[in-house]
Structure formats: structure tokens, C-alpha cells
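Following: one structure in C-alpha cells, then a few remarks.
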Amino acid sequence: MAHEIFGERYLNHREPAWHGLGLTITDGRKLGACDAFKLMGEYDIRMEPLYMANGAAVERQAIVRNATSKGEAEAVLGTVGMEYRPIGPLATCLAYDEAVGQPVETIGALRDGAVLFITVKLPNWSVAGDDIEDYLLVVNPMDGLEAAQIVRSPVRVVCANTLRLSRDLGAVQYKVRHNENAHTQLLEWLRQVYASAVDKSKVIQEACEILTTVKVSMSEATPIIRDIYPDPRVPRNTAPSEVMKKRHEHREYLAEYAAVAREQVALLFGGKGKGMDTPAAKGTAWGLYQGVIEYEDYKWSKNAMQAQESALFGARADIKEAAFDRCMALVNRG
């Protein structure tokens, strides 16, 4: 399933999610991570040594999700080196409750329990009447492939798209490797990052409000959009002809992809985007930034979950951050 929710393990304090799974708290309770984790269906993981078919030990170990009280059989989530020390799901919740001490906004498990995520709501803010709801998202993959991460994820209320602001303005992204110091690092990191995120909300708001005062015409926006979505470089002739043919074909594909992105962002900025008729966005640097945000958050993808992850942590997020920096550069233009 595209949503990849593990056994309906999803809980929120607002309204039912689009996938219709999990629990929605409607009785006024405000749950911390541990209480919410238990309510949605707690589970645990363990490490197991690996052996060859002849019984000889190897320098690898398996991450195993235990069988659950809901009847789900145990499952192997990944294989890792001997130095890997996972931060388990309950340990993640304990660290959140101690470091943040606020009710969770949402909590859920994905991919057979391999990923646990928690969001916490930060103070709301507004950009010239354009309302923004602000969150911190904690994601802990337990499959051996990625580190635990946290990212600031503001949501523009008018169209529910996720912003990705410059790190210099406090858009936090931090990683904790799963090793012997991971739990201590996660606890300290969460405490510092949450406090910093709350403190910097006003700074981010002021920076975004400046963008609403900078007028940008379509002729001015066009080269900026090209900078954000440049054509790929022509490959150097350093390989046999059949290899070079494939390289040029791939370059043409990427060039077409960039051209489509430029065209679509221009259309969104030009008035097709949601909320582009507001005073904050119409013909402003804020609107240009929103055009990129809307395109990256909603452009088509074969895998919806991968697209969402990319919008927060991957290539799409990098493009959004580059767009913010490029739009902020307009503030000091001559």
C-alpha cells in the first residue's frame, strides 16, 4: 500500500488522516509519545547474530522486529555491521518525552515497523496574512539504511504544502547514527533542537515577511527559475560510443525534466498556484518561492511515500531550500 502504515499504527490529535487508518484523539486528551505509542500498538526490535549455512559466524547481525500482541509475525528489517546499536521505538519515545515534554501531534510506524515518526507542533505564525502551521518531525529508521533525523516542516495552511527554509534561519535537519552513543545523542539533540526551533520562529517569520515586500515580475522570475532548475551539463567524451550514447540520452531526459519544471513553476507563480491571488504571494518573492514549493510537493511520482520523504529530506527538499536562498537574495538586489 502506498501509505505503508504498519498495522494501522498511526495516531493524531487533529482529524482522520487521508489514508483512513489509525486513531484520532477527539476527547481532549493530549498524549506524550510513550502513551501514544502504547495506545496505537507498541512493538519492539532486537538484534540477532548471522551465520553461514555451515554454521560459521559472520561479522554481521540482523535487525528483527519482534512478534506483536496484534498477531503480526516477527520480521527481519535489515542486516548491519557489528557496531550498529539501534535506537528502538520505545527508546525514541522516551527520548522525545524527556527532551520535548509536549504532546505529540502525530505518531506512526511505517514499513513493517522499520520506521517510527513523531511530529510536535511549534508556535503558529503568519506571513502577511498567509497562515503557517509549524512542526518538528522526528523520523527514526531502524532498518540499518539511514540515521535518525529531525526536520522543521512548516505547512502553508492555504494549500497544505510543506516549506523547507534555509538552515541559516533555523530550518533544522540533524542526523543521529545508530551506534553506542545514539540514545544519549538523540536525547541531547532533541532537547536543543526543539528549544532552538521555538526560539527561531520569530526570526523565520520576519524573513518570510520580507519576501512578501519584494516585487518580482515574470521576466525577473524566469532566470531565477532557471537557476533553480538548470539544464544538466553536456557529458564529456570520455567513454566508448555506446556508453556516450546512453549518457547523452540521459542528459536529454534530465534536460526535458528541467524544462517541464521551469514551465510548471512559472505557471504556478503566474497565478495557477493555490493562494497566488493573496497579497502576500501575488507577484512577490514569497509567491515565487511558493511556486517551487507547490511544484515539488505535488508533482507526480510513482511512489507516494518516497516523494513525501524526498520533499522533507531528499532532492526535493534541497531544491526548496535552494529556492528560498535564491529568493532571499532578491532582498539585497541593486
### Task
Locate the shortest heavy-atom distance separating Ala99 from Leu190; write the atom from each residue and the value.
CB-CB, 3.6 Å

### Query
For Asn179 and Glu83, what are the C-alpha separation, side-chain angles and deciding distance, and is it a side-chain contact (heavy atoms from CB on, under 4.5 Å)?
CA-CA 6 Å; Asn179 55 38; Glu83 73 286 351; 6.0 Å; no

### Query
With under 30° as parallel and over 60° as perpendicular, where do the rings of Tyr253 and His250 fit, or are they tilted in between?
parallel

#### Entry: Residue pair Thr284 / Pro279: nearest heavy atoms and the distance that separates them
CG2-O, 4.1 Å

### Query
Just by modelled atom types, is the Ser126 backbone N or O under 3.5 Å from a matching donor or acceptor in the Gln205 side chain?
yes

#### Entry: Joint cluster assignment, Val292 & Met276, ILVMFWY side-chain distance < 4.5 Å
no

### Query
Under 3.5 Å, is there a donor-acceptor pair between the side chain of Glu294 and the main chain of Lys274?
yes

#### Entry: Any donor-acceptor pair under 3.5 Å from Tyr298 side chain to Ile293 backbone
no

### Message
For Lys30 versus Pro103, what's the shortest heavy-atom pair and its separation?
### Response
CB-CG, 3.5 Å

### Query
Is the shortest side-chain N to carboxylate O distance from Glu98 to Arg191 below 4.0 Å?
yes

### Query
Nearest 0.5 Å, what's the CG-CG distance between Asn181 and Leu186?
12.5 Å

### From CG (Asp297) to CZ (Arg156), nearest 0.5 Å
11.0 Å

### Message
Determine whether Phe37 and Thr92 satisfy the following criterion, side-chain contact (heavy atoms from CB on, under 4.5 Å), listing intermediate values before the conclusion.
### Response
CA-CA 10 Å; Phe37 179 60; Thr92 304; over 6 Å; no

### Task
List the atom of Ala197, the atom of Leu122, and the distance in Å for their closest heavy-atom pair.
CB-CD1, 4.0 Å

### Message
Any non-hydrogen side-chain atom of Val216 less than 4.5 Å from a side-chain atom of Leu330?
### Response
yes

### Query
Looking at Asp134 and Arg152, does any basic side-chain N land under 4.0 Å from a carboxylate oxygen?
yes

### Test item: Leu90 and Asp44 side chains (from C-beta on) under 4.5 Å apart, heavy atoms
no

### Query
Out of curiosity, does Leu136 fall in the hydrophobic cluster containing Val198 (side-chain heavy atoms, cut-off under 4.5 Å, transitive links)?
yes

### Message
Is any side-chain heavy atom of Ile45 closer than 4.5 Å to one of Pro89?
### Response
yes

#### Entry: Whether over 12 other heavy atoms sit under 6.0 Å from Arg177 CZ
no

### Task
Please check if the side chain of Glu105 supplies one atom and the backbone of Asn12 the other of a donor-acceptor pair under 3.5 Å.
no

### Query
Any side-chain heavy-atom pair from Tyr96 and Val104 closer than 4.5 angstrom?
yes

#### Entry: Derivation of the side-chain contact (heavy atoms from CB on, under 4.5 Å) call for Gln61 and Thr79
CA-CA 6 Å; Gln61 52 184 340; Thr79 59; over 6 Å; no

#### Entry: Spacing of Met52 atom CE and Leu50 atom CG [to the nearest 0.5 Å]
11.5 Å

### Arg85 side chain vs Met82 backbone, donor-acceptor pair below 3.5 Å
yes

### Query
In this structure, are over 12 heavy atoms from other groups packed under 6.0 Å from Glu256 atom CD?
no

### Query
Hey, any chance Leu187 and Val193 share a hydrophobic cluster, counting ILVMFWY side chains that come within less than 4.5 Å of each other, even indirectly?
no

### Query
Does atom NZ of Lys70 have more than 12 heavy-atom neighbours, drawn from other residues, nucleotides or ligands, at distances under 6.0 Å?
yes

### Message
Are Val260 and Tyr295 packed together at the side-chain level, in the sense that at least one heavy-atom pair is separated by less than 4.5 angstrom?
### Response
yes

### Task
Could you check if a side-chain atom of Ile132 sits within less than 4.5 angstrom of a side-chain atom of Leu163, using non-hydrogen atoms only?
yes

#### Entry: Whether Asp97 side chain and Ala33 backbone form a donor-acceptor pair below 3.5 Å
yes

#### Entry: Rounded distance [0.5 Å steps], CH2 in Trp125 versus CD in Glu206
11.0 Å

### Summary
Note: Gly144 and Ile63 closest approach over all heavy atoms is N-CD1, 3.6 Å

### Message
Is it true that, when you exclude Glu249 itself, more than 12 heavy atoms of the residues, nucleotides or ligands shown sit nearer than 6.0 Å to its CD?
### Response
yes

## Note on the structure
Value for OG1 (Thr68) from OH (Tyr43), rounded to nearest 0.5 Å, stands at 10.5 Å

### Query
Just by distance, do the side chain of Arg164 and the backbone of Ser153 share a donor-acceptor pair under 3.5 Å?
no

### Message
Is it the case that the side chain of Tyr10 and the backbone of Ile107 share a donor-acceptor pair, with hydrogens and angles ignored and the cut-off at 3.5 Å?
### Response
no

### Message
One pair to check against side-chain hydrogen bond (donor to acceptor under 3.5 Å, both in side chains): Thr119 and Thr106. What are the steps and the verdict?
### Response
CA-CA 5 Å; Thr119 63; Thr106 63; 2.6 Å; yes

### Message
Looking at Asp112 and Arg65, is there a salt bridge between them, counting it only when a charged N and a carboxylate O are closer than 4.0 Å?
### Response
yes

### Task
Run the numbers on Val115 and Asn140 for side-chain contact (heavy atoms from CB on, under 4.5 Å), then give the verdict.
CA-CA 6 Å; Val115 177; Asn140 181 19; over 6 Å; no

### Message
Check whether Tyr289 forms a cation-pi arrangement with Lys320 (NZ or CZ under 6.0 Å from the six-membered ring centre, at most 45° off the ring normal).
### Response
no

### Message
With rounding to the nearest 0.5 angstrom, report the CD to SG distance, Gln290 to Cys159.
### Response
6.5 Å

Only pairs under 3.5 Å count here: list side-chain donor-acceptor contacts from residues 224-245, not counting sequence neighbours, and write none if there are none.
| from | atom 1 | to | atom 2 | distance (Å) |
| --- | --- | --- | --- | --- |
| Arg226 | NH1 | Asp231 | OD2 | 3.3 |
| Asp227 | OD2 | Arg326 | NE | 3.2 |
| Asp227 | OD2 | Arg326 | NH2 | 3.3 |
| Tyr229 | OH | Glu296 | OE2 | 2.6 |
| Asp231 | OD1 | Arg262 | NH1 | 3.4 |
| Asp231 | OD1 | Arg262 | NH2 | 3.3 |
| Thr238 | OG1 | Arg247 | NH1 | 3.2 |

### Task
Establish whether Met47 and Ile87 are linked, either directly or via other cluster members, by ILVMFWY side-chain heavy-atom contacts under 4.5 Å.
yes

### Message
Do Leu110 and Phe6 make a side-chain contact, defined as non-hydrogen atoms from C-beta onward lying under 4.5 Å apart?
### Response
no

### Task
Indicate, with yes or no, if Val64 and Met142 share a hydrophobic cluster defined by side-chain heavy-atom contacts under 4.5 Å among Ile, Leu, Val, Met, Phe, Trp and Tyr.
no

### Message
Minimum heavy-atom separation for Asp143 and Tyr84, please, with both atom names.
### Response
N-OH, 4.3 Å

### Message
Within the structure provided, determine whether Ile150 and Val139 are in side-chain contact (heavy-atom separation under 4.5 Å).
### Response
no

### Summary
From the list Asp130, Thr212, Thr213, side-chain hydrogen bond (donor to acceptor under 3.5 Å, both in side chains) partner of Trp286 resolves to Asp130

### Task
Please answer whether the main-chain N or O of Gln192 pairs with a side-chain N or O of Ser196 as donor and acceptor at a distance below 3.5 Å.
no

### Task
Look only at the side chain of His178 and the backbone of Pro141, and say whether a donor-acceptor pair between them is shorter than 3.5 Å.
yes

